[in-house]
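One structure below.
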Amino acid sequence: MKLRLKSSLALLMLIISVVPAAIVGGLLLKQQSDVEANYRIDMLDRLATTIGQEFDYRFSLLSTSLDVLSRDRLFVQAINNYFLAGHVINSLGTLVKNTPLTKAAYLVDDQWNEIESYNGIPGLNSFLQLKKALNYRLSTKGKERLKQWVFYYNGEKLMPEKYNPTRRGVVIGVPIFRSMTDELKHLPLGYLIVVVPIENIKKVLKPYLKDGERVVFRNHRISDMKNMADMSSIIISQDNVDKKKPTIQKTIKIKLENKYISEPIEYTMVVYMDKYISKNPYINSLKYISLFGVVIILLAFFSAGMTYRWIARPLGGLMATVRAYSQGEYQRSGRDLRFAEFFMVDKLIRKMAKTIQAQVSDLAAKNAELNAAYKEKEQANLQLVDFNDELERKVEEKTLALSYSLMREENRRSMLQSLLSFSHDLQAHNNIIEIVMTQVVALYPTAGWAMKAYTHNNEAWACENIDKDCLENNNIQPETHYSDYYCLPKNDEYLHCFKVKNSHNEVVGVIVMQYEKLQRDDFEVISLFIRQLSTELEGRLLNSELARIAVTDSLTGIANRKAFDHDLEQHIQLYNRYPERCFGLFMLDVNGLKRANDNYGHNMGDALLIQTSKLLVEACRLTDKVYRLGGDEFAILLEGGDDDSCGILWQRLETVRKNINYASLPNGQCVEIHFAMGYASCEHHLTDQLCSIADKAMYKDKRSFYKQRGIQR
C-alpha cells in the first residue's frame, strides 16, 4: 500500500509540474495573438482613413480645377468663337493631364452640340440623360444651379473603349456663364463635361493597398434620373484576393462635398484586410502544446501502470516476505529465509527510502528551477511587448514622415510642371494679371492672393480669396522695405509680400500671399514664379514700346503712314464682310509750310505741323483717328463714316479754319495755320477709289485757297 501511495504521489507531482507550464505557455501565446490582432486593427484604421482622405482630396482638386477653368474668359468666349478652338483643346488637355481622376473632357454649347473634346468620341450623342437631369436642376435649384453637378453612369459610352472598357464611372457637369452678373439672369452659354472612369479611380487608390487588402465603394445617393443607373460597387485590390482567408473589415460612411458641388454624395467604404499576416503560428503552437500535454499525461499514466506492474509487485512480494519475517514466518513457499536475509532486505529498503527521498528533493529543486525559468520567461515576454510597442510607434512615425515627404515631393513636382506651362500661358494671353491670378490659385488653392501691377497704370488690387480692406489696413508699401520679400503678421496667418522687379531693379508690381509660414520649398517655387513674371512684364513693356514707336510719328506724336496703311486695310476688310459698316476718309494738306520754313526756319515748320495735328485731333470724335502721312500731308479715318458723318466733320474742320489759329516760336514769331481738305465715303464710292477721290477734292480746295489769296504756287 505504501508503494502504491508513493507511485500515486509521484504521478500527481508530475501532473502538477507539467500542466501549469502548458497552461501558462498557452496563455502567453494567446496574449501574443491578441497583440497581433490589435496591431492589424490599427493598420486597418489607418488604411481606411488614408483611402478616404485621398479619395476626398482628389475630388476636391478636380472641383477646384473645374471652377478655375469654367471662369477662364477665353474659354468662355471659345463657345461662340471658332478661332479659339486651339485654346479650348489646350485647356482641356491640361485639365486631363493635371487631374489623375479625369480621362476625357467635352465642351458643348447650350444646345448640347459638341464644340471640342479631349480623349472623347467625336460627334458623341450620349448626353441625353445628363442633359435632361442637368436642365431640370438648373431650372429649380436657384443659386445652387451655378455649381457643379455630379452623376454616376453605367453602360454609357462616353469615351473610347480602351480608356473605359467597363463603361462605368462618374460624369461632372459644369454650367458656363458669360459673366458673374449674368449667372442668375440667363441660361448657361454651354457646359463643361468631365468623365471620371472607374479605371482611373482604381489607378489612383491602388498604390495604397498591399497584398491581402481590398476596398469596396458603394454609393447611397438616390438619383432621380430614371434612365441613368446608379454606379454599382467598386472593388479595388492590388492582386486577386483569396476570399477563403479570414479577414477583418471596417465600414466608413463618407460625405463627399466641397464648396463647388451642388449636391453632396454619400457613399459607404468597406476596407478588408487579411486577419493574419500569414497562417496564425500562435494558434498552431497552442494546439501543439495542448497535444503535447495530453501525450505527457497519457505517458505518465502508462509509466505509472508499468511501474506498478514491474516494480510494485516484486516489492509487494518482498514486503510480504518482510511481514512474514516480522511474524516469525521464516519459511515461505519452499524458500529458506534466514534472519540475515531479513536484515539485508531491511537494509535494502532503507537504502531505497533514502534514494527516494533524494529523488523527491531533486524533483523539488527542479520544480523551483522551472518556476524561476517561468518568471524569467514572463519578464522576457513583457520586455518583448514593450519592444513591440516601441517598434510600432517608431514605424508609425517613420511612415508619417515618409508620407509627408512623398506628399510634399508630389506637390513640388506638380508645382514645377505648372510653372513650366506658365511661360507659355503668359505669351498666349494679353491679360497678364488674370493669367497670374489663375496660376497662383492653382499653385496654392487654400491661400489668399492679391496683385498690383504698376506697369499697367493701374493702382487697383486684383484679389482672390483675400479681403481688399485687409490690404489697405495693413498699408502694404513696397518702397518702404529694402528686401525683395517681407512678411506682415495677420492673426494666425501671415501676409507674404513679394516685389516684382525689372532688370534695372525697379519695382513694377507686388504680389501678396495670405498663408501660414512658408517652407523652404514653397519659397523657392514662389521665387521662381516671381522671376518668370518680372521677365515677362519687362518683355511686354519693351515690345509695347517698340510697337508704339513703329506706328507713331516722332514729331507730332500721332499715328504715321504705316499705321494708316494697316488701319485702312482693316476698315476695307471689315466693310467687305459687313457692308452696312461704312467708313470715311479725309485727306488734308498744310498750306504755307514751305514759306514758313524759308522765312522763319525749320523750327517754325515743325511748330506749324505740331499745332495743326492738335487742331485736327480736337475736331475729331474719339472713334476717329488722325494720321500724318509725311511732310505736310495728313489723313483722317472715320469709323461709321457715311456721307452725313463726313459732312459733319467737314463742317467742324471748316469752323477750325475760319477761327484763325497761329503757330508760334518762343521768340514771338508766328504764322497762320491753314489747311486744305477733301473727303470720300465708301457709302457711294468703291473702297479702292477713296484715296484718289479724297485727294482730288483736297487739291481742288488747295487751288481755291491759293487763288483766293492771290498766291502763286
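Any value given below was found using the heavy atoms of this structure, including those in side chains, with hydrogens, waters and symmetry copies removed. Numbering starts at 1 and runs along the sequence shown. This is a predicted model, so every value here is computed, not measured.
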CA sep, side-chain torsions, deciding dist, call: L574, F583, side chain to side chain contact (heavy atoms under 4.5 Å, CB included)
CA-CA 10 Å; L574 188 63; F583 67 96; over 6 Å; no

Charged N to carboxylate O below 4.0 Å: is that the case for K157 and E161?
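Judged by the 4.0 Å cut-off on N to carboxylate O distance, K157 and E161 do not form a salt bridge.
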
For K203, what residues pass the side-chain contact (heavy atoms from CB on, under 4.5 Å) criterion, not counting sequence neighbours?
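Partners of K203 by the side-chain contact (heavy atoms from CB on, under 4.5 Å) criterion come out as none, since no residue qualifies.
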
Please round to the nearest 0.5 Å and tell me the distance separating atom [atom1] of [X] and atom [atom2] of [Y].
X: L585; Y: Y679; atom1: CG; atom2: OH; value: 12.0 Å
X: R58; Y: S63; atom1: CZ; atom2: OG; value: 13.5 Å
X: L95; Y: Y118; atom1: CG; atom2: OH; value: 10.5 Å
X: D72; Y: I176; atom1: CG; atom2: CD1; value: 9.5 Å

I'd like to know whether T166 forms a side-chain hydrogen bond (donor to acceptor under 3.5 Å, both in side chains) with E199, so could you lay out the CA-CA distance, the side-chain angles of the two residues, the decisive distance to 0.1 Å, and finally the verdict.
CA-CA 8 Å; T166 60; E199 287 73 17; 2.9 Å; yes

Residues, nucleotides or ligands: over 12 heavy atoms within 6.0 Å of Y494 OH
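No, because the 6.0 Å sphere around OH of Y494 holds 12 heavy atoms or fewer from other groups.
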
Counting heavy atoms not belonging to R73, are there more than 12 under 6.0 Å from its CZ?
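Atom CZ in R73 is not crowded, with 12 or fewer foreign heavy atoms closer than 6.0 Å.
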
Min side-chain heavy-atom separation [X]-[Y] under 4.5 Å:
X: F151; Y: V170; value: no
X: H571; Y: L637; value: yes
X: L66; Y: V194; value: yes
X: N119; Y: P160; value: no
X: L158; Y: Y153; value: yes
X: Q148; Y: S262; value: no
X: F177; Y: L189; value: no
X: V88; Y: I115; value: no

side-chain hydrogen bond (donor to acceptor under 3.5 Å, both in side chains) for H684 and D642? Distances and angles first, verdict last.
CA-CA 9 Å; H684 296 107; D642 53 10; over 6 Å; no

Going by distance alone, is a donor N or O of one side chain under 3.5 Å from an acceptor N or O of the other, for Y163 and N200?
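No, N200 and Y163 have no side-chain donor paired with an acceptor closer than 3.5 Å.
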
Assess the side chains of H496 and Y485: does a donor N or O sit below 3.5 Å from an acceptor N or O?
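Looking only at side-chain atoms, Y485 and H496 do form a donor-acceptor pair, the distance falling under 3.5 Å.
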
Let's go through E114 and S117 carefully: what are the C-alpha distance in whole Å and the side-chain angles of both, what is the deciding distance for side-chain hydrogen bond (donor to acceptor under 3.5 Å, both in side chains) to 0.1 Å, and is it a yes or a no?
CA-CA 8 Å; E114 179 183 344; S117 67; 3.0 Å; yes

